[in-house]
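Report on the following structure.
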Amino acid sequence: MLFANTIQAQVFNDAYNIATASADVCGGNGLLLNKNPANITNIDQPQFRLSQVIPYSILALQGNAISTIFRIKRTFFAVEYAQLGKENFKYHLLNLTCGIFIDDRTSIGTKIIYHQHKQYEIEQNPYFTAELGMNQTLSNKLKYGVQAVYQINDSKAFDNESYLKIGISYKIDPKLYTYCSVKMNEYGLLVGSMAIEYKFHKNISTQAGWNTLESAYCTGIQYQIKRSKIEIGSSYHPILGFSYAVGLCYRYGNQFIKQ
């Protein structure tokens with residue numbers, strides 16, 4: 001059972017977020033799962049996203065996610081549903097996120113996540129996660145973000161921890177971005193992560209990231225085709241091996257007008 005919970009935590013903290021490497025606290029690409037909820041304000045057009053992951057090359061643990069992002073007046077919203085595993089292990093997640101700009105440089109966001117998982121016909125008690133996030137642009141090259149996560153109800157899930165994460169992003173030039181973040185959980189454990197993103201072309205970019213906890217790394221590539229974007233990535237864990245992810249994002253409707 002501990003192994004199944006380890007899979008659950010690792011996959012939803014890395015594989016589904018592969019396209020943005022490990023810089024989730026202040027990166028601008030997407031928002032899924034463990035992203036800073038304030039990032040939702042970086043979206044400039046309504047989006048619909050489908051993604052699939054195969055953790056550690058184990059087909060029985062295959063997972064899928066579907067999400068949509070939209071804006072009503074000045075507030076951004078996102079709804080996401082994800083599931084992982086089959087038969088002996090199933091994990092379900094519902095993510096509700098909203099965010100808003102409080103001035104030209106600063107945005108805040110909040111997120112509520114419902115978790116439910118089942119192992120060998122034993123259904124675990126569901127639990128909720130609440131998150132608060134902030135992003136602030138300091139200059140045209142430097143941005144920082146803060147993300148606080150709190151477990152609302154008691155749970156014995158492996159990944160049930162509260163933590164604070166702080167990160168920065170720096171644009172070296174129009175094609176090259178760097179990211180780093182530090183996370184501290186309620187037990188005082190510190191985890192650092194670093195990532196780099198390079199844009200080969202206006203429609204093609206690639207990312208790579210690494211974290212200090214498992215010495216795990218990940219890589220990803222994105223290709224933009226008009227309103228659609230294809231994301232392909234992989235991550236490597238020194239003990240559990242390779243995971244693979246693919247995603248399709250479609251932008252619909254008109255671009256948001258800043259208010």
Side-chain angles (χ1 to χ4, degrees), residues 1-17 20 22 24-27 30-41 43 49 51 53 55 63-70 72 75-85 89-100 102 106-135 145-167 181-191 193 211 213:
M1 187 172 293
L2 179 60
F3 175 74
N5 279 330
T6 303
I7 292 286
Q8 166 193 321
Q10 180 70 21
V11 168
F12 281 95
N13 284 329
D14 289 321
Y16 266 131
N17 294 289
T20 48
S22 56
D24 49 70
V25 74
C26 59
L31 99 125
L32 302 183
L33 302 169
N34 70 328
K35 301 289 183 215
N36 184 341
N39 282 356
I40 192 175
T41 58
I43 305 302
R49 182 185 297 265
S51 57
V53 62
N64 303 279
I66 181 172
S67 63
T68 184
I69 304 171
F70 55 94
I72 300 176
T75 306
F76 295 77
F77 296 93
V79 180
E80 176 188 43
Y81 171 75
Q83 67 83 29
L84 174 71
F89 173 68
K90 294 181 181 179
Y91 178 81
H92 301 274
L93 174 150
L94 180 63
N95 171 11
L96 305 176
T97 302
C98 68
I100 190 172
I102 59 176
T106 308
S107 63
I108 58 175
T110 184
K111 184 194 306 182
I112 297 291
I113 304 177
Y114 170 85
H115 307 258
Q116 175 69 66
H117 56 94
K118 183 178 181 180
Q119 300 175 21
Y120 298 98
E121 304 301 325
I122 302 175
E123 191 164 309
Q124 308 294 317
N125 291 329
Y127 61 99
F128 292 87
T129 304
E131 301 185 18
L132 293 174
M134 182 192 75
N135 274 340
V146 179
Q147 179 186 11
V149 178
Y150 177 71
Q151 304 301 330
I152 296 176
N153 53 333
D154 187 30
S155 171
K156 297 181 179 179
F158 179 83
D159 62 338
N160 185 35
E161 64 174 8
S162 300
Y163 62 83
L164 178 69
K165 186 183 289 186
I166 301 173
S181 65
V182 176
K183 182 180 87 170
M184 182 177 70
N185 68 9
E186 57 192 301
Y187 308 109
L189 176 65
L190 290 174
V191 178
S193 63
N211 73 50
L213 182 60

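Please read these numbers as outputs of a predicted model, since none were measured by experiment.
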Distance check, rounded to the nearest 0.5 Å: Ser107 atom OG versus Ile100 atom CD1?
10.0 Å
Does any non-hydrogen side-chain atom of Gln147 lie less than 4.5 Å from one of Glu131?
yes
Give the minimum heavy-atom separation between Gly85 and Lys90, together with the two atoms involved.
O-CG, 4.2 Å
Leu132 and Ile108: side-chain contact (heavy atoms from CB on, under 4.5 Å), yes or no, with the steps?
CA-CA 8 Å; Leu132 293 174; Ile108 58 175; over 6 Å; no
Between the CE atom in Met184 and the CD1 atom in Ile166, the distance rounded to the nearest 0.5 Å is 8.0 Å
Against Glu80, only a single residue in Leu93, Thr97, Leu96 fulfils side chain to side chain contact (heavy atoms under 4.5 Å, CB included); can you say which?
Leu93
Nearest 0.5 Å, please: how far is OG in Ser162 from CG in Asn185?
9.0 Å
Side chains of Val149 and Lys111 in contact at under 4.5 Å (non-hydrogen atoms):
no
Out of curiosity, Ile43 CD1 to Ile69 CD1, how far, rounded to the nearest 0.5 Å?
4.5 Å
Please check if any side-chain donor atom of Tyr114 sits under 3.5 Å from a side-chain acceptor atom of His92, or the reverse.
no
For Pro37 against Gly133, the heavy-atom pair lying closest together
CG-N, 3.7 Å
Could you report the tightest heavy-atom contact between Val79 and Leu94, atom names first, then the distance?
CG1-CD1, 4.5 Å
Would a 4.5 Å heavy-atom cut-off, applied to side chains only, mark Asn135 and Asn36 as touching?
yes
Does Ile112 have any side-chain contact (heavy atoms from CB on, under 4.5 Å) partners at least two apart in sequence or in another chain, and if so, which?
Phe128, Ala130, Ile152
Please list, chain by chain and in numerical order, all residues satisfying ring-ring contact (aromatic ring centres under 6.0 Å, His included) with Phe77, sequence neighbours excluded.
Phe70
Using the ring of each side chain (for Trp, its six-membered ring), is Tyr127 parallel, tilted or perpendicular to His115, with breaks at 30° and 60°?
parallel
Do other residues, nucleotides or ligands put more than 12 heavy atoms under 6.0 Å from the OH atom of Tyr81?
yes
Report the distance from atom CD1 of Ile66 to atom CZ of Arg49, rounding to the nearest 0.5 Å.
12.0 Å
At their closest point, which heavy atom of Gly99 faces which heavy atom of Thr41, and how far apart are they?
C-CG2, 3.8 Å
Compare all side-chain heavy atoms of Asn95 with those of Ile113 and state whether any distance is below 4.5 angstrom.
yes
